[in-house]
2 protein chains.
Amino acid sequence: MTTPQRGDIPHRPKVAVMEDVAELAGVSAMTVSRVLNAPEKVRPETRARVLAAVQELGYRPNSAARVLVTGRSGVLGVVSFDTTQYGPASTLYAIERAARQNEYSVSIASLDALNRKSIAEGVGRLTSQSVDGVIIVAPHESATDGLRHLPPDLPAVAVDAGDGVPFPVVMVDQHAGAARATRHLLSLGHRTVWHLSGPANWVDANARVAGWRSVLEAEGREVREPLVGDWSARSGHELGRRLALEDDLTAVFAANDQMAMGLLRALREAGRRVPEDVSVVGFDDIPEAAYFWPPLTTVRQDFATVGRLAFQLVLDRIDGVLGERRLKVEPELVVRESAGVSPPG
Amino acid sequence: MTTPQRGDIPHRPKVAVMEDVAELAGVSAMTVSRVLNAPEKVRPETRARVLAAVQELGYRPNSAARVLVTGRSGVLGVVSFDTTQYGPASTLYAIERAARQNEYSVSIASLDALNRKSIAEGVGRLTSQSVDGVIIVAPHESATDGLRHLPPDLPAVAVDAGDGVPFPVVMVDQHAGAARATRHLLSLGHRTVWHLSGPANWVDANARVAGWRSVLEAEGREVREPLVGDWSARSGHELGRRLALEDDLTAVFAANDQMAMGLLRALREAGRRVPEDVSVVGFDDIPEAAYFWPPLTTVRQDFATVGRLAFQLVLDRIDGVLGERRLKVEPELVVRESAGVSPPG
DNA sequence: TTCCCGAGTGTTTGCGATAACACTCATCCC
DNA sequence: GGGATGAGTGTTATCGCAAACACTCGGGAA
């Protein structure tokens, strides 16, 4: 037993490795490896001895060594933008959950900007860490463009991407959700529906505009130019003040709940009652939506399902299975009190 | 050159390794390694040749191999609970940002429950992935208890933990924030302040109760039993209906903005005007708080700073530097319109 | 009896990088 | 001129694990 030198800090406190376990159990390292990876190939008594030794030494396999030899890390990369927002955060959470249940863990790369370069860099940060696969949550057109320039053999899956990406895509059917919201408002007797949209170049925003527009056009209603916000309550409020000036305004479909919230306040400040004078429908169904004033009618996105499906798809890709190209999750209209019948013209 | 066998899928598409770069540049692998890790030790011309080769082959170092030999992964683990909430999500985001700026990447482990076992398991999932350090965001008493049972030599830092944990702790000074909110309400002329607290055993909730109580006691005001919510708008609404029945109610301090939102609605439904009849102050300053009706006076928590500091502290611990034991970030009172002068008794 | 087979285990090798040390010169000093 | 010096580069060993292959049995078929 070597005594520590003066001042020596035992820096790596000598953690047990496979060889130590083998020795304690009186077998070879290979047998230990087998107990851990293919227990059925080891006689039960031997297995028990090995497991006891593992327990006693508190042995944990060194993943770096395993990765080096197997080429598999059991780590999934997620690149995303602004995970403080409800949508991305929920998606990330669902992915992590699904991953955990499948013995995967997840490594994240947040993006500062949404463009080709930063996407490539985020993916690069992850792949150089030897992740087995990547899920990219970046619902922006330029991110979509970035995806097109990634190596197509990368085991990747996109969430909420536009068309023409070389990977499977999972997304909520935004078009259908927006259409549902718009139809709901028309069914209440409104002559037309205004739209408070998300920022240009966000795929969700565009799809919602398209869904909204398609219903109005199909029904032959007037299509007013959408007002473009930035998803924030602030922008909803600001644009809401402009909307409140329109006196033929009776119904508004806001592209997310935060903007709807700002809108609600602007309408109230302008003396327009909701839903008596103006009806409002949002999108997302954030947990607080039911406690807006009035409670918000909105379109619920099932992020948990999106996350789960995305994980399932990367898993398939990692295993070389070619799965669906494009999976859509149905959104659901949640009727509360912010939308009512059209006031008599 | 071996021709692929029939049916053979070239499974690992032969990515370039250091030896390939070395060969192309006409040097040894060691020199390539040096160019990458200690460029000043290599003659400029050699370095240029190597870098050109790296470029040409698209070489990326294999991190697993590097980890195996250096014992350092450049990965930071973050264990947290419910990252869909604004606070944890913001903290996580700030940590990721700080990490990225220091060439670290982050791996996450979400917890399904907050107890000793799940904390240990979360930390275990991360350490077995050879993270260099861990930040634990689990502001619950039983999580704090879990921390006490972790190996104290683990390079870990806790965010928002209770006392007596064997790691440095970073947190917003909840006590001071709550005191500030309470004092603000008293300064407006209210005789006392009610409290809508967070759930029992959450360290933030407890600290806010303590801060609120300490001010009332110091000023000799009546201390009404706090109503205990669960952070959600739903619970704020429900408890708010009970509060609305108290006719000596003039001021409420809610432990977070979501509960304040529910409370606001309950008060309005009961015909109590805010701030004319009842003043409300929240906690967090979520981005929407300014668009509540009325705009919410609240206490802003600087999660970005918390995240940055936490990262700095783990970094120190990883490097063996012994830093602060407990770092507090000052919260800030943001005055908006939901709190006003006390109505004449 | 002999041979084969396969279950169970061991030995060797290699994954891709870096640490530690060895080597080669040109330079500089006395 | 001889040796010390140090900058620049190469060689070898090693990290911890698993794949591939080798070995040792005991039992059943021929």
Side-chain angles (χ1 to χ4, degrees), chain A residues 11-51 53-54 57-75 127-132, chain B residues 2 5 8 11-51 53-54 57-75 103 127-132:
Chain A
H11 203 230
R12 278 211 236 172
K14 192 122 50 177
V15 64
V17 301
M18 195 173 268
E19 188 59 43
D20 302 329
V21 176
E23 201 167 326
L24 181 57
V27 296
S28 74
M30 194 60 234
T31 298
V32 177
S33 174
R34 273 192 278 255
V35 168
L36 269 27
N37 301 309
E40 76 284 357
K41 294 193 179 169
V42 177
R43 201 184 328 141
E45 314 126 54
T46 315
R47 197 190 308 160
R49 277 212 321 282
V50 170
L51 289 175
V54 165
L57 296 176
Y59 169 74
R60 316 217 39 173
N62 177 316
S63 72
R66 174 180 283 168
V67 173
L68 190 56
V69 65
T70 61
R72 288 276 206 117
S73 62
V75 177
T127 50
S128 76
Q129 254 186 73
S130 26
V131 297
D132 291 343
Chain B
T2 43
Q5 315 287 326
D8 256 9
H11 203 230
R12 280 209 236 172
K14 191 118 54 177
V15 64
V17 300
M18 195 172 268
E19 188 60 43
D20 301 330
V21 176
E23 200 167 325
L24 181 58
V27 297
S28 73
M30 194 61 234
T31 298
V32 177
S33 173
R34 273 191 278 255
V35 168
L36 269 27
N37 300 308
E40 76 285 357
K41 294 191 179 170
V42 176
R43 202 185 327 143
E45 313 125 56
T46 316
R47 195 190 310 160
R49 276 211 321 282
V50 169
L51 289 174
V54 165
L57 297 177
Y59 169 74
R60 314 214 45 170
N62 177 315
S63 71
R66 176 181 282 168
V67 173
L68 190 56
V69 64
T70 61
R72 288 277 206 117
S73 63
V75 177
E103 321 253 75
T127 50
S128 76
Q129 255 184 71
S130 25
V131 297
D132 290 343

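Protein chains get the first letters and strands the later ones, always in sequence-line order, with residue 1 at the start of each. It should be emphasised that the depicted structure is a prediction, and the values quoted were computed from it without experimental measurement.
- Contacts of residues 59-66 of chain B with DNA chain D (heavy atom under 4.0 Å): none.
- As rounded to whole Å, 14 Å separates atom P of C:dG16 from atom CD of B:Glu23.
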Would you tabulate the pairs of protein nitrogen or oxygen atoms and nucleotide nitrogen or oxygen atoms of nucleotides 10-14 of chain D closer than 3.5 angstrom?
| from | atom 1 | to | atom 2 | distance (Å) |
| --- | --- | --- | --- | --- |
| D:dG10 | OP2 | B:Ser28 | N | 2.9 |
| D:dG10 | OP2 | B:Ser28 | OG | 3.0 |
| D:dG10 | OP2 | B:Thr31 | OG1 | 2.6 |
| D:dG10 | N7 | B:Arg34 | NH2 | 2.8 |
| D:dG10 | O6 | B:Arg34 | NH1 | 3.4 |

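- As a whole-Å value, the separation of B:Glu40 CD from D:dG6 P is 17 Å.
- Under 4.0 angstrom from either OP1 or OP2 of D:dC17 there lies no side-chain N or O belonging to A:Ser33.
- In this structure, B:Met18 and A:Val42 both approach DNA chain C, and ranking their closest nucleotides by distance from the 5' end singles out A:Val42.
- Note: CD (B:Gln129) to C1' (D:dG16) measures 17 Å, nearest angstrom.
- The side chain of B:Thr70 places no N or O atom within less than 4.0 Å of a non-bridging phosphate oxygen (OP1 or OP2) of C:dA19.
- In this structure a side-chain-to-backbone donor-acceptor pair under 3.5 Å is present from B:Arg47 to B:Val42.
- The shortest distance between the side-chain N/O atoms of B:Arg43 and the OP1/OP2 oxygens of D:dA7 is not below 4.0 Å.
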Contacts table for residues 15-28 of chain B: side-chain donor-acceptor under 3.5 angstrom, sequence neighbours left out:
| from | atom 1 | to | atom 2 | distance (Å) |
| --- | --- | --- | --- | --- |
| B:Asp20 | OD2 | B:Val17 | N | 2.9 |
| B:Ser28 | OG | B:Met30 | N | 3.4 |
| B:Ser28 | OG | B:Thr31 | N | 3.4 |
| B:Ser28 | OG | B:Thr31 | OG1 | 3.4 |

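- Rounded to whole angstrom, the span from the CG atom of B:Leu57 across to the C1' atom of C:dG16 amounts to 15 Å.
- Between the side chain of A:Ser130 and the backbone N or O of A:Ser73 there is no donor-acceptor pair closer than 3.5 Å.
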